[in-house]
Amino acid sequence: MEKSCSLLIHFDKGTPALANEIKEALEGNDVQAKVEAMKKAVMLLLNGETLPQLFITIVRYVLPSEDHTIQKLLLLYLEIIDKTDSKGRVLPEMILICQNLRNNLQHPNEYIRGVTLRFLCRLNETEIIEPLIPSVLANLEHRHPFIRRNAILAVMSIYKLPQGEQLLIDAPEMIEKALSSEQDPSAKRNAFLMLFTCAQERAINYLLTHVDSIPDWGELLQMVVLELIRKVCRTNRGEKGKYIKIIISLLNAPSNAVIYECAGTLVSLSSAPTAIRAAANTYCQLLLSQSDNNVKLIVLDRLNELKSSHREIMVEMIMDVLRALSSPNLDIRRKTIDIALELITPRNIDEVVQALKKEVVKTQSTELEKNGEYRQMLVQAIHSCAIKFPEVASTVVHLLMDFLGDSNVASAIDVVVFVREIIETNPKLRVAIITRLLDTFYQIRAARVCSCALWIIGEYCLSLSEVESGIATIKQCLGDLPFYTVNEEGDGADASKPSQQVNSITVSSRRPAILADGTYATQSAASETAISPPTLVQGSLSSPGNLRSLILTGDFFLGAVVACTLTKLILRLEEVQPSKLEVNKASTQALLIMVSMLQLGQSSFLAHPIDNDSYDRIVLCIRLLCNTGDEFRKIWLESCRQSFVKMLADKQFRETEEIKAKAQICHAQPDDLIDFYHLKSRKGMSQLELEDEVQDDLKRATGEFTKDGDDANKLNRILQLTGFSDPVYAEAYVTVHHYDIVLDVTVINRTKETLQNLCLELATMGDLKLVERPQNYTLAPESSKQIRANIKVSSTETGVIFGNIVYETSNVLERTVVVLNDIHIDIMDYISPATCADVAFRTMWAEFEWENKVAVNTVIQDEKEFLNHIIKSTNMKCLTAPSALDGECGFLAANLYAKSVFGEDALVNVSIEKQTDGKLSGYIRIRSKTQGIALSLGDKITLKQKGGS
């Protein structure tokens with residue numbers, strides 16, 4: 001039998017030789033010195049020291065002390081010392097403490113009596129306890145409730161001992177009698193707990209006898225009642241009906257803890273819609289009434305579990321769940337929105353969108369630090385609603401467009417991406433969206449938002465008035481030309497540098513940036529922020545618009561986007577404007593703008609000149625406007641939009657395929673027998689019980705009542721630790737469950753001798769920690785023993801468990817050591833495929849500081865085959881759309897993403913190229929927030945990338 005441990009105290013000062021100092025302090029008269037000496041003695045004992053020389057000293061000088069602190073430390077000391085010899089017999093000197101314990105149980109001070117009774121709960125030696133039983137029973141009728149409640153616990157612990165029933169034959173009758181007359185809530189709870197643990201039938205009879213008064217019982221006693229109900233109903237499901245009535249009556253209890261436990265018990269015992277609805281209502285009430293954020297997060301987790309198994313009932317509760325958005329905590333809001341988005345149906349979509357719109361308006365009216373991030377979450381939620389139910393898009397698109405100029409760049413990007421998708425999927429809203437966008441374009445302050453908005457203007461301005469308004473808006477936001485004068489470039493350059501006029505991009509370092517196709521480019525930006533409102537500046541830069549301010553900071557990518565948008569608008573103007581004079585005039589003005597951008601980029605006016613890509617793009621636009629042709633016109637006016645349509649269709653197709661894949665999971669075979677229990681004779685059953693039976697039948701029909709894990713899978717988890725020729729054979733079954741690793745080690749004695757003091761010694765490497773050291777065993781010839789070891793995991797990192805088995809035999813004087821094979825804990829047990837938005841991936845890629853770069857070294861010669869091999873080996877999900885990987889060009893770039901059980905993000909970018917000799921080259925980059933996952937995932941890829949298996 002394993003030794004029980006009821007006390008753990010951290011002690012990191014080693015084990016110094018303090019025995020003599022402790023002994024001297026205990027023999028003195030200084031009470032404080034005795035207290036410190038007892039603390040040191042207890043900590044040394046907990047760290048493996050025996051200190052046998054202290055026992056007599058403590059009996060002589062500590063036992064008689066009346067100080068409460070010393071008496072408490074004395075009980076701790078008596079709790080942890082060994083009271084038996086190697087054969088399990090009580091040590092003779094333990095008789096010395098029996099008289100002291102008896103005196104304490106009759107002490108006039110209530111505290112000493114109470115703590116001594118509590119100490120007896122942790123004693124297992126019958127020889128010590130037996131003389132104390134009369135004193136323990138006498139305390140059951142003491143006037144003070146503190147003593148009575150501890151006396152009941154002591155009786156319960158004694159009764160649970162192997163020989164306890166013989167020592168206390170009539171204990172259940174005494175406790176039941178005490179329960180009937182007890183008034184103290186804690187003592188009453190302990191008495192009922194004793195009956196529940198040791199005499200369950202008596203507890204049930206008492207419960208059913210006082211069923212009407214249960215709602216008036218104290219919180220502690222009601223919690224034990226719920227625990228009893230759970231235990232009884234698991235062993236005898238046929239009696240659920242009468243107990244569920246008790247649970248429902250407790251749903252109106254004043255204690256929130258009782259209400260929470262009631263809801264959980266109701267869900268675990270019944271699948272009836274009435275019961276689930278009552279539990280969901282209870283959770284929603286707790287969600288609104290509790291002020292503790294941790295409680296709200298726990299309740300939201302329970303609602304999320306209900307959503308998974310009882311979605312049709314949770315759909316009715318969606319508006320109650322959304323009330324949790326009133327909490328200022330972002331984690332609560334995020335989890336609430338995630339739950340609500342999965343409960344949206346055509347019947348409740350209008351209510352949900354209306355609630356989300358109100359929340360968006362609130363973020364605009366109040367100025368809080370986290371408003372920008374919360375607004376971003378709301379925008380993403382509304383975006384999701386509008387995609388699933390296009391009919392609601394018209395009610396939210398105009399509201400969201402007010403946030404295109406939001407100072408939170410991420411929120412503004414979400415809005416403009418939403419607008420871009422809605423304008424394509426809802427043609428009826430096109431005119432209204434374009435009109436609104438042109439009216440609010442001047443408010444946009446972020447370059448990326450401007451780029452996307454310009455693309456929308458260039459693609460969807462179709463009528464003559466829209467095209468003319470689009471050109472006029474861009475010209476107004478660019479301001480007067482040229483962007484600078486010769487005088488400013490010469491003498492007055494220092495006084496009119498754009499970096500002193502606007503605040504757009506903080507230039508700090510040149511760092512690589514990942515492009516949409518996964519390749520790298522270099523950008524001269526550390527962080528992007530919204531520009532400040534237009535201000536008056538010197539010279540020709542009076543009242544600059546948002547485009548002018550951004551371009552003057554050196555953002556020539558935006559300048560290239562402006563040039564492309566103007567080119568599209570001019571090409572479309574040629575189709576809708578009958579007057580050639582107006583077309584030529586507009587074309588000339590567009591050419592002037594582009595030439596001015598090139599002039600600005602090649603001047604010394606800015607710190608950094610125009611990049612080659614933007615320069616070539618603007619020159620291409622100039623050439624196209626000077627010499628237009630039907631083929632170029634078709635590419636610019638039709639092909640771009642067709643590519644966008646294809647991208648949206650591909651995204652929708654992938655989402656539909658994922659839904660179909662989940663729906664096609666077969667839970668039962670076609671000809672399986674269905675047994676309808678509710679059609680059998682069920683006289684006297686309540687409506688709740690009938691509904692519960694129906695739900696159970698549905699679970700049986702769909703195969704939700706499954707058997708235990710597959711034996712074949714269990715066999716795959718068994719690792720051989722020793723060889724077949726070793727005198728001791730050992731194998732381990734490894735179970736990995738989130739933060740815990742459990743090793744069930746089977747040890748077999750293959751010799752004809754008895755192995756004594758056999759011990760499994762384990763050590764770990766990495767972020768693994770052995771919880772407790774397995775104890776020693778004696779193994780008979782050719783017998784086996786199951787040893788369990790628990791290991792805690794603190795991060796996602798590949799770890800190693802190693803060790804040996806040590807034992808003694810009667811023939812060999814020295815201890816024998818059998819070295820065990822190492823157990824490698826695979827990182828794949830901790831990460832799982834996940835998805836995230838492209839914007840979120842880019843944001844995390846820029847923020848994460850740990851990068852592991854692995855060179856491609858493989859015998860695989862096909863790019864897509866290699867990518868699939870990496871995906872399979874790393875248990876990650878490819879975020880790059882399949883359509884983006886089509887074709888054969890000799891290059892491939894893809895982004896992979898996974899999430900660990902600890903909430904860590906793992907980002908991988910695969911960039912490979914096919915060489916002329918047919919081999920693949922390139923790099924696989926892993927980024928994460930922590931070093932462990934980056935290094936471990938890199939090692940895994942290095943190990944697995946060569947082969948194709």
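Between the CD1 atom in Ile434 and the CZ atom in Phe441 there is a gap of 11.5 Å [rounded to 0.5 Å]. Taken from CG in Leu325 to CZ in Arg333, the straight-line distance is 7.0 Å, to the nearest 0.5 Å. Taking CD from Gln476 and OH from Tyr442, the interatomic distance works out to 9.5 Å, rounded to the nearest 0.5 Å. Expressed to the nearest 0.5 Å, how far CD of Gln599 lies from OG of Ser603 amounts to 7.5 Å. In this structure, Leu648 CG and Ser643 OG are separated by 11.0 Å, a value rounded to the nearest 0.5 Å. Within the model, atoms CD1 of Ile423 and OH of Tyr460 stand 6.5 Å from one another, a figure rounded to the nearest 0.5 Å.
Contact annotation: the side chain of Ser614 approaches that of Asp611 to within less than 4.5 Å [non-hydrogen atoms, C-beta and beyond]. Cys385 is listed as a side-chain neighbour of Ile349, based on a closest heavy-atom distance under 4.5 Å. By the 4.5 Å heavy-atom criterion applied to side chains, Glu913 and Leu892 are not counted as neighbours. Counting heavy atoms from C-beta on, the side chains of Ile912 and Phe891 never come closer than 4.5 Å. Put simply, the side chain of Leu625 reaches to within 4.5 Å of the side chain of Met594, judged on heavy atoms. Looking at heavy atoms from C-beta onward, Ser469 lies out of side-chain contact with Cys461 at the 4.5 angstrom threshold. Side-chain contact between Phe556 and Asp613: absent, with no pair of heavy atoms (C-beta onward) separated by less than 4.5 Å. For the pair Val416/Leu437, no side-chain contact is recorded, criterion being any heavy-atom separation below 4.5 Å from C-beta on.
Taking 4.0 Å as the cut-off between side-chain N and carboxylate O, Asp905 and Lys929 do not count as a salt-bridged pair.
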Inset, instruction - Would you sort out whether Ser911 and Asn909 count as a side-chain hydrogen bond (donor to acceptor under 3.5 Å, both in side chains), showing the intermediate values? - result: CA-CA 6 Å; Ser911 300; Asn909 172 254; 2.9 Å; yes
Inset, instruction - Report the C-alpha separation of Glu638 and Trp636 in whole Å, then their side-chain angles, then the decisive distance to 0.1 Å, and conclude whether the side-chain contact (heavy atoms from CB on, under 4.5 Å) test is met. - result: CA-CA 6 Å; Glu638 297 179 14; Trp636 281 72; over 6 Å; no
Inset, instruction - Applying side-chain contact (heavy atoms from CB on, under 4.5 Å), run through Leu598 and Ile622 and close with a yes or a no. - result: CA-CA 11 Å; Leu598 293 178; Ile622 293 173; 3.7 Å; yes
Inset, instruction - Show your reasoning for whether side-chain contact (heavy atoms from CB on, under 4.5 Å) applies to Leu552 and Leu600. - result: CA-CA 8 Å; Leu552 286 174; Leu600 175 66; 3.9 Å; yes
Inset, instruction - Assess whether side-chain contact (heavy atoms from CB on, under 4.5 Å) is satisfied between Ile344 and Phe389, documenting all intermediate values. - result: CA-CA 9 Å; Ile344 294 175; Phe389 303 95; 3.2 Å; yes
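Trp845 and Leu907 get closest at one heavy-atom pair: N-CD1, 3.6 Å. When every heavy atom of Asn852 is checked against every heavy atom of Ala934, the shortest pair comes out as ND2-O, 3.1 Å. The heavy-atom pair separating Val908 from Ile924 by the smallest distance is CG1-CG2, 3.6 Å. Phe418 approaches Ala386 most closely through the heavy-atom pair CE1-CB, 3.4 Å. Summarising the geometry of Asp555 relative to Ala447, their closest heavy-atom pair is OD2-CB, 3.0 Å, with the distance given to 0.1 Å. Scanning both residues, Ile870 and Leu896, for their nearest heavy atoms gives CG2-CD1, 3.9 Å.
For the pair Thr363 (side chain) and Val360 (backbone), a donor-acceptor distance under 3.5 Å is present. Not a single donor-acceptor pair under 3.5 Å links the side chain of Arg927 to the backbone N or O of Trp850.
Open room surrounds CZ on Phe557; 12 or fewer heavy atoms of other groups in view lie less than 6.0 Å from it. Within 6.0 Å of CG on Asn612 lie no more than 12 heavy atoms contributed by other residues, nucleotides or ligands. No more than 12 heavy atoms of other residues, nucleotides or ligands lie within 6.0 Å of NZ in Lys634, so this atom counts as exposed by the packing criterion.
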Would you list the atom pairs, donor with acceptor, under 3.5 Å between side chains in residues 352-359 and any protein atom, with sequence neighbours excluded?
from: Lys357; atom 1: NZ; to: Thr395; atom 2: O; distance (Å): 3.0
from: Glu359; atom 1: OE1; to: Tyr374; atom 2: OH; distance (Å): 2.7
from: Glu359; atom 1: OE2; to: Lys362; atom 2: NZ; distance (Å): 3.3

Name each donor-acceptor pair under 3.5 Å that joins a side chain in residues 565-578 to protein atoms two or more places apart or in another chain, with its distance.
from: Thr565; atom 1: OG1; to: Leu454; atom 2: O; distance (Å): 3.3
from: Thr565; atom 1: OG1; to: Val561; atom 2: O; distance (Å): 2.9
from: Thr567; atom 1: OG1; to: Ala563; atom 2: O; distance (Å): 2.7
from: Lys568; atom 1: NZ; to: Glu459; atom 2: OE2; distance (Å): 2.6
from: Arg572; atom 1: NH1; to: Gly458; atom 2: O; distance (Å): 2.8
from: Glu574; atom 1: OE1; to: Arg633; atom 2: NH1; distance (Å): 3.2
from: Glu574; atom 1: OE1; to: Arg633; atom 2: NH2; distance (Å): 2.6
from: Gln577; atom 1: OE1; to: Ser579; atom 2: N; distance (Å): 3.2
from: Gln577; atom 1: NE2; to: Glu468; atom 2: OE2; distance (Å): 3.3

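Residue pairs meeting the salt bridge (Lys or Arg N to Asp or Glu O under 4.0 Å) criterion with at least one member in residues 412-428, sequence neighbours excluded: Glu421-Lys651, Glu424-Arg641. Within the structure, side chain to side chain donor-acceptor pair (under 3.5 Å) pairs that include any residue of residues 582-597 comprise Lys475-Gln589 (at least two apart or interchain).
Among the candidates Thr880, Val856, Leu867, Ile871, the single residue satisfying the side chain to side chain contact (heavy atoms under 4.5 Å, CB included) test with Val910 is Leu867.
With sequence neighbours excluded, the residues satisfying side chain to side chain donor-acceptor pair (under 3.5 Å) with Gln915 are Ser921. Residues forming a salt bridge (Lys or Arg N to Asp or Glu O under 4.0 Å) with Arg430 (at least two apart in sequence, or on another chain): Glu466.
Taking the centre and axis of the six-membered ring of Tyr923, the NZ or CZ atom of Lys853 falls inside the cone set by 45° and 6.0 Å.
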